[in-house]
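Treat the numbers as computed from the prediction; the structure is a model and nothing was measured. When a residue number appears, it is its place in the shown sequence, counting from 1.
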Amino acid sequence: MILAERMAYRAVGSTAPNPPVGVIIVKDQMILARGWTQVNGSPHAEIHAISQVKDKKKLNGATLYTTLEPCSHYGKNPPCVEKIIKYKIAKVYLSQEDENPKINGSSIKILKKSGITVIKKNFSNNTRELNKIFFRSLNKLKPYVTLKIASTSDGKIATKSFESKWITNSISRLHGHKLRAKNDCILVGSGTIRKDNPLLNCRLAGHEKSNTDIFILDQRLNFKKDLKIFSLEKRRIFIFYNRDNSLIKKKIKSVTYIDVKVKNNLLDIADMLKKIAELGYMRVLVEGGSILTGSLIKNNFIDEIQWFRANKIIGGNGLEAISSIGINKINDAKRFKLLKNKIFEDDQLSIYKRI
């Protein structure tokens, strides 16, 4: 199960709309195969593991360990239980039942009815946390939101002239690319796109072609087609807007436009996150400016903060990482628990979880 959990974490950020699952198949105290949910959720971890075994006769009497209950319904993929039964796997260990209403324990009943021994045991809180993100996004339409901030030691993200390249060092930036690879999509404000003209791609070795999908908040609706973000293939780009906006002129063909509600003259963050979850995305990485960051924190939408601080100080001549969130009393201050600090040469990464 330790190995199965490692396989599940290998899949994080690439499996939407399916959960990242890890599987190990064992027989006669030997590992026959390892599997994990593949890109875009197909094939599932169980099928990926089974496919690694060339001589399918070896699966007869084997034991399968999985971090989540196998599926029993037809969707983009056929039911995994069918293959488990077909190849006469004798025993299945699972860490948790799938809370997807289409499954929710039904696979366990099917396997048991077929004479397969099923043992359910909470193996690890890490596995439960991994599955919880999927359950919450699927059943409550609330994706897991990670905020990434790269600032100076005094919390500035740029000078007043908007210069910000590069605040942090190359090691911190590589870790930032890893965050992009480990999230299903990126949420960013239109100001960041216009001022920085970023690619927002992952430049880690081996991940160059895995371009994370992008959601952009935009009320002005006047992006130019030649911006870098529209140049990468094999990525989906969505723009949140309000259809009552009279500024809309000509839509970009490669972009999907999503109409959202307006709240206090701004695009409604809650409505946007709900629509992101409805599209099957479970993990959202926020790389926005201070206004988007402030709005998300103010409304308690941030689950985790990854804050990179460089050994630079700008002072009053810099732009704040977080805009005003309406705090007047110290007891009203938003609270996050510090999980760990990491040092990357002269940079510091602080990782926080919402209390």
**Item:** Pairs where residues 327-355 contributes a residue and the test ring-ring contact (aromatic ring centres under 6.0 Å, His included) is met, not counting sequence neighbours
**Value:**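 The answer is His175-Phe344.
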
**Request:** Sorted by first residue and then second, give each ring-ring contact (aromatic ring centres under 6.0 Å, His included) pair with at least one member in residues 8-32; sequence neighbours left out.
**Result:** none

Could you list the residues that satisfy side chain to side chain contact (heavy atoms under 4.5 Å, CB included) with [X], not counting sequence neighbours?
X: Lys86; value: Lys83
X: Ala270; value: Asp268, Phe301
X: Glu99; value: Gln96, Phe135, Asn139

With [X] via salt bridge (charged side-chain N to carboxylate O under 4.0 Å, His left out) - residues at least two apart:
X: Lys120; answer: Glu97
X: Glu278; answer: none
X: Arg173; answer: none

**Item:** Glu5-Thr127 side chain donor-acceptor pair, cut-off 3.5 Å
**Value:** yes

**Prompt:** Apart from Leu232 itself, what residues make up its hydrophobic cluster, given side-chain heavy atom links below 4.5 Å?
**Reply:** Leu199

**Asked** Rest of the hydrophobic cluster containing Ile119 (Ile/Leu/Val/Met/Phe/Trp/Tyr, side-chain heavy atoms under 4.5 Å)?
**Response** Met1, Ile2, Leu3, Met7, Ile24, Val26, Ile31, Trp36, Tyr65, Tyr93, Phe123

**Request:** Begin from the C-alpha positions of Ile276 and Phe240 and carry the test side chain to side chain contact (heavy atoms under 4.5 Å, CB included) through to its verdict.
**Result:** CA-CA 10 Å; Ile276 288 174; Phe240 287 123; 3.8 Å; yes

**Request:** Not counting sequence neighbours, which residues clear side chain to side chain donor-acceptor pair (under 3.5 Å) with Asp346? List them please.
**Result:** Asn169, Asn311

**Asked** Who pairs with Asp213 by side chain to side chain donor-acceptor pair (under 3.5 Å), at least two apart in sequence or on another chain?
**Response** Tyr281

